[in-house]
Student: 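Have a look at this one.
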Amino acid sequence: MADLSQLVKAYDVRGVVPDQWDETLAELFGAAFVQVTGASAIVTGHDMRPTSPSLSRAFARGAAALGADVTEIGLCSTDQLYYASGALDLPGAMFTASHNPAQYNGIKMCRAGAAPVGQDTGLAEIRELVERWSETGAPASAAATGTITARDTLEDYAAHLLSLVDLTSIRPLKVVVDAGNGMGGHTVPTVFAGLPLDTVPMYFELDGTFPNHEANPLDPANIVDLQKRVREEGADLGIAFDGDADRCFVVDEHGDPVSPSAVTALVAARELARNGGEGVIIHNLITSWSVPEVVEENGGTPVRTRVGHSFIKAEMARTGAIFGGEHSAHYYFKDFWNADTGMLAALHVLAALGGQEGPLSSLVAQYSRYVGSGEINSTVADQADRLAAVRAAYEGREDVRLDELDGLTIAAPDWWFNVRPSNTEPLLRLNAEARDEATMAKVRDEVLAVIRA
């Protein structure tokens, strides 16, 4: 029996090829996906990793063997797969390991309309079937094998995004785009075509070995080239995409990073304006205080959630929210089937910047009101013990309030911090924020001293 404990994560499948999984397992995943979703038709897509086409095709064979018709959209970004799942109203499977190194690959799965498949929404059952079938042999084929056909959705995906943001009347902008040799190099040329943008491309060549830098723009080391190029070109801004191009990261005209919380607040204000000044906006509990403030100032209702896309999407569906943002630079839109799309967030930033005369640094200043620590990881022997120690250090103080929505959050009038355990590693993750740099540093260092004692 295959050991899938290291392969099937909370929200997706991800592991080293061929050490942890291969085409044989991919075929079983395809069959299990059809069995669990009950689908008579599905859609698949894949990124630029060397192993992606063969794994994706194996999955399609497994799905077709159980009678499902498979539409293959081929090379695509993850949000382009979500578009296809939504527009075609089909369950979907995207073959990507996002920003992980080249030897990794994975599957992000969704039900029709881009509804997430996670541990509690089908992934555990899929894992169970694959484990059983890997021991007993593949399931019996359906009486009629499904068809496998190709379909190109790139133009339709671009048209849908551009129907949601008006960029026709913005002033001309010079934008440097770092695709990190990932799928942004595939989607950006089509989405940006015909817009008043002077696009300076960086690393648009599709290469799943990532020869220039890791395709993870949240790591400061991976945006150094972009920052330098923005300054050299005198560009209005820079945009970096991760490997599967579902996240975008923004730098201003000085090359300074724009916090994903500031992007969340900016897009929230625009989406509220587009919806008559009302609506629910979802934000996770490590986004800046500025996010709920901006939402309320613009007539909206902020709703705070746990970290993780399955929680955000569930709250989006439950509340009918129009937009949701995470500090990891994932952005979710009601008009995109509640799915995350970095490209649509990038278009909002371009539209906001191009709709006024000032530089991006001035535009986002109103959304960057506090000083954040960023996420700081500490390796610990016992997560629960260290979390209890942090709680003991602060509970009983009259100036703080405490909650355990996700890990432990402690908030005072001038600062807050959250400490939460990693689901996959022996780590505690700290995020802290305060009204000024000195207070933030003091709180950060106090909490780290307890965690690392």
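Since the model is a prediction, treat every value here as computed from it, not as a measurement.
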Student: If you compare all heavy atoms of Thr44 against all heavy atoms of Ser56, which two are closest, and at what distance to 0.1 Å?
Tutor: OG1-OG, 3.9 Å
Student: Looking at Glu128, I'd like to know if its CD atom is crowded, meaning that more than 12 non-hydrogen atoms belonging to other residues, nucleotides or ligands lie closer than 6.0 Å.
Tutor: no
Student: Determine, step by step, whether Thr439 and Asp436 satisfy the side-chain hydrogen bond (donor to acceptor under 3.5 Å, both in side chains) criterion, reporting the C-alpha distance in whole Å, the side-chain angles of both residues, the deciding distance to 0.1 Å, and the verdict.
Tutor: CA-CA 6 Å; Thr439 305; Asp436 60 75; 2.9 Å; yes
Student: Spell out, as yes or no, whether a donor-acceptor pair under 3.5 Å connects the side chain of Arg171 to the backbone of Gln356.
Tutor: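 Yes; at least one donor-acceptor contact below 3.5 Å.
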Student: Establish, yes or no, whether the cationic atom of Lys313 lies under 6.0 Å from the six-membered ring centre of Tyr82 and within 45° of the ring axis.
Tutor: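 So Lys313 does make the cation-pi contact.
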Student: May I ask you to decide whether Glu271 forms a salt bridge with Lys334, counting only side-chain N to carboxylate O separations under 4.0 Å?
Tutor: no
Student: Can you check side-chain hydrogen bond (donor to acceptor under 3.5 Å, both in side chains) on Asp406 and Asn418, steps first, answer last?
Tutor: CA-CA 8 Å; Asp406 190 350; Asn418 169 268; 5.9 Å; no
Student: Does the side chain of Ile107 reach to within under 4.5 Å of the side chain of Phe33, using non-hydrogen atoms?
Tutor: no
Student: Please check this pair: side chain of Arg429 against backbone of Asn377, looking for a donor-acceptor N/O pair closer than 3.5 Å.
Tutor: no
Student: Which heavy atom of Arg369 sits nearest to which heavy atom of Glu293, and what is that distance?
Tutor: NH1-OE1, 3.0 Å
Student: For Leu428, does its backbone N or O pair with a side-chain atom of Gln383 as donor and acceptor, under 3.5 Å?
Tutor: no
Student: So Ser5 and Arg127, do their side chains get closer than 4.5 Å, heavy atoms only?
Tutor: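 A side-chain contact exists here, since the closest heavy-atom pair is under 4.5 Å.
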Student: I need the Ser259 OG to Leu266 CG distance, nearest 0.5 Å.
Tutor: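 These two atoms lie 11.5 Å from each other.
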Student: Are the side chains of Leu90 and Ser85 in contact, using a 4.5 Å heavy-atom criterion?
Tutor: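 No, every pair of side-chain atoms sits at 4.5 Å or beyond.
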Student: Between Arg420 and Glu375, is there a side-chain N and carboxylate O pair less than 4.0 Å apart?
Tutor: yes
Student: Verify the ring-centre separation between Phe333 and His348: is it less than 6.0 angstrom?
Tutor: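 Close enough - the centres of the two rings lie under 6.0 Å apart.
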Student: Where do Thr96 and Asp244 come nearest, in terms of heavy atoms and distance?
Tutor: OG1-CB, 3.3 Å
Student: Between the main-chain N or O of Tyr367 and the side-chain N or O of Ser290, is there a donor-acceptor pair closer than 3.5 Å?
Tutor: yes
Student: Parallel, tilted or perpendicular, judged at 30° and 60°: which one describes the rings of Trp289 and Trp416?
Tutor: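 Taking Trp416 first and then Trp289, their aromatic rings sit tilted (interplane angle of 30° to 60°).
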Student: Side-chain donor-acceptor pair under 3.5 Å between Glu433 and Ser288, yes or no?
Tutor: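 Side chains of Glu433 and Ser288: pair found under 3.5 Å.
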Student: Can you say whether the rings of Phe417 and Trp415 are parallel (under 30°), tilted (30 to 60°) or perpendicular (over 60°)?
Tutor: parallel
Student: Under the 3.5 angstrom rule, does the side chain of Arg247 hit a backbone N or O of Ser328 as a donor-acceptor pair?
Tutor: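 Yes, the answer is positive, given that a donor and an acceptor are paired below the 3.5 Å cut-off.
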Student: Answer yes or no: is there a side-chain heavy-atom contact under 4.5 Å between Met202 and Val176?
Tutor: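 Yes, at least one pair of side-chain atoms sits under 4.5 Å.
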Student: For Gln227 and Asp256, indicate whether the former's side chain and the latter's backbone hold a donor-acceptor pair under 3.5 Å.
Tutor: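 No.
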Student: Could you tell me if the side chain of Glu326 sits less than 4.5 Å from the side chain of Thr287, heavy atoms only?
Tutor: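 No, side chains not in contact.
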Student: On the 0 to 90° scale, with breaks at 30° and 60°, tag the His160-Phe336 ring pair as parallel, tilted or perpendicular.
Tutor: tilted
Student: For residues Val43 and Ala84, report the shortest heavy-atom separation together with the two atoms involved.
Tutor: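 Looking at all heavy atoms of both residues, the shortest contact is CG2-CB, 4.0 Å.
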Student: Is a salt bridge present between Lys108 and Asp340, judged by a nitrogen-to-oxygen distance below 4.0 Å?
Tutor: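 Salt bridge absent between Lys108 and Asp340.
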Student: Can you find a pair of side-chain heavy atoms, one from Thr147 and one from Asp69, that are under 4.5 Å apart?
Tutor: yes
Student: So, applying side chain to side chain contact (heavy atoms under 4.5 Å, CB included) with Tyr331, which one of Thr341, Thr264, Val267 is it?
Tutor: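 Single side chain to side chain contact (heavy atoms under 4.5 Å, CB included) partner of Tyr331 among Thr341, Thr264, Val267: Thr264.
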Student: Report the C-alpha distance between Tyr332 and Ile282 in whole Å, list the side-chain angles of each, state the deciding distance to 0.1 Å, and finish with yes or no for side chain to side chain contact (heavy atoms under 4.5 Å, CB included).
Tutor: CA-CA 9 Å; Tyr332 307 77; Ile282 306 293; over 6 Å; no
Student: If you define the side chain from C-beta out and look only at heavy atoms, does anything of Gln80 sit under 4.5 Å from Met183?
Tutor: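 They are not in contact (no side-chain heavy atoms under 4.5 Å apart), so the answer is no.
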Student: Does the side chain of Arg151 reach to within under 4.5 Å of the side chain of Thr149, using non-hydrogen atoms?
Tutor: no
Student: Rounded to the nearest 0.5 Å, how far apart are CG of Leu161 and CG of Leu344?
Tutor: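 Leu161 CG to Leu344 CG: 5.5 Å, rounded to 0.5 Å.
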Student: Answer yes or no: does atom CG of Asp120 have more than 12 heavy-atom neighbours from other residues, nucleotides or ligands under 6.0 Å?
Tutor: no
Student: Would you please indicate if the ring centroids of His213 and Tyr203 are separated by under 6.0 Å?
Tutor: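 They qualify: ring centres under 6.0 Å apart.
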Student: Which heavy atom of Gly407 sits nearest to which heavy atom of Pro421, and what is that distance?
Tutor: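 Smallest interatomic distance, heavy atoms only, reads CA-CD, 4.2 Å.
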Student: Report the distance from atom CG of Leu237 to atom CG of Leu353, rounding to the nearest 0.5 Å.
Tutor: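 Those atoms lie 6.0 Å apart.
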Student: When rounded to the nearest 0.5 angstrom, what is the spacing between CG in Asp225 and CD in Glu232?
Tutor: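 Answer for the CG-CD pair, Asp225 versus Glu232, is 9.5 Å.
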Student: Please lay out, stage by stage, how Cys76 and Tyr157 fare under the test side chain to side chain contact (heavy atoms under 4.5 Å, CB included).
Tutor: CA-CA 10 Å; Cys76 65; Tyr157 156 81; over 6 Å; no
Student: Got a donor-acceptor contact below 3.5 angstrom from the Asn222 side chain to the Pro217 backbone?
Tutor: no
Student: Under the side chain to side chain contact (heavy atoms under 4.5 Å, CB included) criterion, do Val8 and Val130 qualify, and how do the steps go?
Tutor: CA-CA 11 Å; Val8 180; Val130 173; over 6 Å; no
Student: Could you go through the side chain to side chain contact (heavy atoms under 4.5 Å, CB included) check for Phe29 and Leu7 one step at a time?
Tutor: CA-CA 12 Å; Phe29 273 108; Leu7 186 64; 4.1 Å; yes
Student: In Å and rounded to the nearest 0.5 Å, what is the CG to CD1 distance from Leu272 to Ile281?
Tutor: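 Leu272 CG to Ile281 CD1: 4.0 Å, rounded to 0.5 Å.
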Student: Looking at every heavy atom in both Ala39 and Ile42, which two are closest together, and how far apart are they?
Tutor: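 In this case the closest contact between Ala39 and Ile42 is CB-CG2, 3.8 Å.
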Student: Output, in order, the C-alpha distance, side-chain angles, deciding distance and verdict of side-chain hydrogen bond (donor to acceptor under 3.5 Å, both in side chains) for Glu155 and Thr190.
Tutor: CA-CA 7 Å; Glu155 296 279 355; Thr190 299; 4.9 Å; no
Student: Is there a donor-acceptor pair under 3.5 Å between the side chain of Gln20 and the backbone N or O of Val17?
Tutor: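 Pair absent, no side-chain N/O of Gln20 close to backbone of Val17.
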Student: Roughly how far, to the nearest 0.5 Å, is the CZ atom of Arg49 from the CG atom of Asn105?
Tutor: 6.0 Å
Student: Checking Asp79 now: which residues fulfil salt bridge (Lys or Arg N to Asp or Glu O under 4.0 Å) with it, not counting sequence neighbours?
Tutor: none
